[in-house]
Protein chains: 2
Amino acid sequence: MDQDQITRFRNFSRAVAIEIGALEDSFLNRGRSLGSARVLNAIGLGYEDVSDLRAFLDLDTGLLSRLLRGLEAEGLIETNPKPDDRRSRVTTLTPMGVREFEIYEALSDQRAERVLARHADVRHLLDAMDVVTVALSREDIVFEEVDYSSELATKCLNAFAAELSRRLNLIFDLKKSGDPELSQMQHPHGTFVVASLGAMPLGCVGVKGNGGPLAEVKRMWIAPAARRLGLGRRLMTKAEDAARALSITTLRLDTNSTLFEAVSLYKRMGWTEIERFNDDPYPDIFMEKHL
Amino acid sequence: MDQDQITRFRNFSRAVAIEIGALEDSFLNRGRSLGSARVLNAIGLGYEDVSDLRAFLDLDTGLLSRLLRGLEAEGLIETNPKPDDRRSRVTTLTPMGVREFEIYEALSDQRAERVLARHADVRHLLDAMDVVTVALSREDIVFEEVDYSSELATKCLNAFAAELSRRLNLIFDLKKSGDPELSQMQHPHGTFVVASLGAMPLGCVGVKGNGGPLAEVKRMWIAPAARRLGLGRRLMTKAEDAARALSITTLRLDTNSTLFEAVSLYKRMGWTEIERFNDDPYPDIFMEKHL
DNA sequence: CCATTTACCTGACCTTAGTCAGGTAAATGG
DNA sequence: CCATTTACCTGACTAAGGTCAGGTAAATGG
């Protein structure tokens, strides 16, 4: 590995560590230790079981226990035995705890806002940050079949439409092109697969079927920040597996040569070019794969 | 400010905080507290005066003093009164201290290497990290006149040549085009201005003069990671100021329309287009500015 | 020259973080 | 049913981080 690359990484770490230190300092101004604040935050994020908290925060049983007692004494949380296993305990924020949690959230938001406000071209900076976020959190990326009308799917589809419009220099309207297909991209006819990192949509692909052995792959998209990580292949694999499970034996798709990354992926994954099978104006490449 | 942007920033912070925490943990394996390790590191980086250390690490006098005594007791540093002000004290690493410092450096390097090794497309990730580093450390960017043959200048020039070759689709050879001009880009004829962040070159521009009132601006370059921050304008302003100080009254330059960001900057800064004044093959735009 | 300031040190003290050895109550598994 | 395991708690302890009130020696500024 190049020493110059290592230096660049270390410069990055140093620059960001300063920002992170500043955020943690701002947390201390609420008269509570960083440990307590972190536990409160984790509970607010939904880690309510004591065992989940322990795993998430990587804390010793004794230490966590004492931090919980402290928050309890402050009236911020309540802990009760879990109904189905009374050895385990579940914590819940009291109304006061919720307020306090929200204050910390607001502090984090303000901090983020202040840093971003210093920059004229926020989009450019955030695009770079997204690339780093996705790369560093690669292990947490989740691939799942979701409903075509779910919020995550909608986010993906809107981003897909925006990118298609930009790259093909046209106005791609999901309403016109998408809604009629809704039931065909849902079980049992078809499916819709999404890759995401938390609430952040990273990619999608739909399988549009009609109950027969032939189905169509549509809406294949990878977020710019998530490219070059091999997600496209994983997403397509997941879609092909889902199609097989729906007794589909042949998949086909149409695309445009402008979307060269996608076309090259399809080729690498064993798709072959076939004759035009529709008269849509925008696609100029048609492909097929037998499962 | 958009809530979505804030969320993206916060996701970024979280992802990176985990990496940074892991690095600090690896420091603890050497049987020394993080505080001591940080002080040793700072001394190794060149913060030798006790007051500099205090400012850099933001430590209380008492705490720093005790950490220094600890390192002294380990035989890693020596502290002596400063000759010109015997109240102040200067620390120096002993040979053993140097070795220990280098071990920490190696740990950081290994950590960086391990993280980067997990990524197929390291260049892409590092480019994004550079954008973040530069944006977050904007206040530390330094503009200075340097010798045209200095290391920093050479780094800039090589990057400049590489980018020119790429964007104009030719092989731009500094050796042929640069070396004959060396003395003309040095005082008293001309100058060479560099923008940098530590050892990281962010941009450059040369003023090539011959002692007369007319000089030429050449080698204007801004690192990709440093774009959209307004550095080009600051760099050009610095170059124009330096030219004035050298009694230059008119600057001119040639460039290529492919380098549209530069051309638009020159126009915004009051440069006007003039007739071709040389017969070089690559430039197609010629400009002038009276100081 | 001497009061004041500056730079650093020392000792006393406190909080936080973290570890570990028990202990209790509930669940589990023959 | 009972030994064992699991989930959590408590108390004792240590190390590290951090604050503060003096104290000393050197420099400074009328």
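Chain naming here is simple, since letters A, B, ... match the order of the sequence lines and numbering starts at 1 in each.
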| field | Residues that A/Glu78 engages under salt bridge (charged side-chain N to carboxylate O under 4.0 Å, His left out), provided they are two or more places apart | value | none
| request: Applying side chain to side chain donor-acceptor pair (under 3.5 Å), name anything that partners B/Ser33, two or more places apart in sequence or on another chain. | output: B/Ser36
| field | side chain to side chain donor-acceptor pair (under 3.5 Å) involving B/Arg8 - partner list, sequence neighbours excluded | value | A/Asp127, A/Asp130
| note | Closest non-hydrogen atoms of B/Phe192 and B/Tyr148, given as atom of the first, atom of the second and distance, are CD1-CD1, 3.5 Å
| For atom CZ of B/Arg69, is the number of surrounding heavy atoms from other residues, nucleotides or ligands below 6.0 Å larger than 12? | yes
| task | Please list, by residue number, the residues of residues 63-86 of chain A whose heavy atoms come closer than 4.0 Å to an atom of DNA chain C; answer none if no residue qualifies. | result | A/Leu63, A/Arg66, A/Asp85, A/Arg86
| message | So that I can tick it off, tell me whether A/Glu19 and B/Arg10 are bridged by a salt bridge, with the cut-off set at under 4.0 angstrom between side-chain N and carboxylate O. | response | no
| query | How many angstroms lie between OG in A/Ser137 and CG in A/Leu197, if you round to the nearest 0.5 Å? | reply | 5.0 Å
Pairs under 3.5 angstrom only: tabulate donor-acceptor contacts from the side chains of residues 43-63 of chain A to other protein residues two or more places apart or in another chain.
{"unit_1": "A/Asp49", "atom_1": "OD2", "unit_2": "A/Lys82", "atom_2": "NZ", "d": "2.6"}
{"unit_1": "A/Asp60", "atom_1": "OD2", "unit_2": "A/Gly62", "atom_2": "N", "d": "2.7"}
{"unit_1": "A/Asp60", "atom_1": "OD2", "unit_2": "A/Leu63", "atom_2": "N", "d": "3.1"}

| Rounded distance (nearest 0.5 Å) linking atom CZ of B/Phe9 with atom CG of A/Leu126 | 8.5 Å
| query | Which dot-bracket string describes DNA chain D (Watson-Crick N1-N3 plus N6-O4 or O6-N4, or G-U N1-O2 and O6-N3, all under 3.5 Å; [ ] crossing; | other strand)? | reply | ||||||||||||||||||||||||||||||
| Going by heavy atoms closer than 4.0 Å, what residues in residues 19-37 of chain B are next to DNA chain D? | B/Ser33, B/Leu34, B/Gly35
| query | With A/Glu102, which residues qualify under salt bridge (charged side-chain N to carboxylate O under 4.0 Å, His left out), at least two apart? | reply | none
| Which residue lies toward the 5' end of DNA chain C, A/Leu59 or A/Arg87, if each is placed at its nearest nucleotide? | A/Leu59
| note | Rounded to the nearest 0.5 angstrom, the CD-OG distance for B/Glu145 and B/Ser150 is 12.0 Å
| message | Please give me every residue in residues 41-56 of chain A whose heavy atoms get under 4.0 Å of an atom in DNA chain D, ordered by residue number. | response | A/Val50, A/Ser51, A/Arg54
| 5' to 3' on DNA chain C, which nucleotides open and close the contacts with chain A (atom under 4.0 Å from a heavy atom)? | C/dT16 to C/dA27
| note | Residue pairs meeting salt bridge (charged side-chain N to carboxylate O under 4.0 Å, His left out), one or both in residues 36-47 of chain B, sequence neighbours left out, come to B/Glu24-B/Arg38
| field | Euclidean distance, B/Ile103 CD1 relative to B/Arg30 CZ, rounded to 0.5 Å | value | 4.0 Å
| Qualifying residue, where the test is side chain to side chain contact (heavy atoms under 4.5 Å, CB included) with B/Val98 and the options are B/Thr92, B/Leu93, B/Leu76, B/Ile77 | B/Leu93
| request: Could you name each residue pair satisfying side-chain hydrogen bond (donor to acceptor under 3.5 Å, both in side chains) that touches residues 228-244 of chain A, not counting sequence neighbours? | output: A/Arg228-B/Asp121, A/Glu240-A/Trp271, A/Glu240-A/Lys289, A/Asp241-A/Arg244
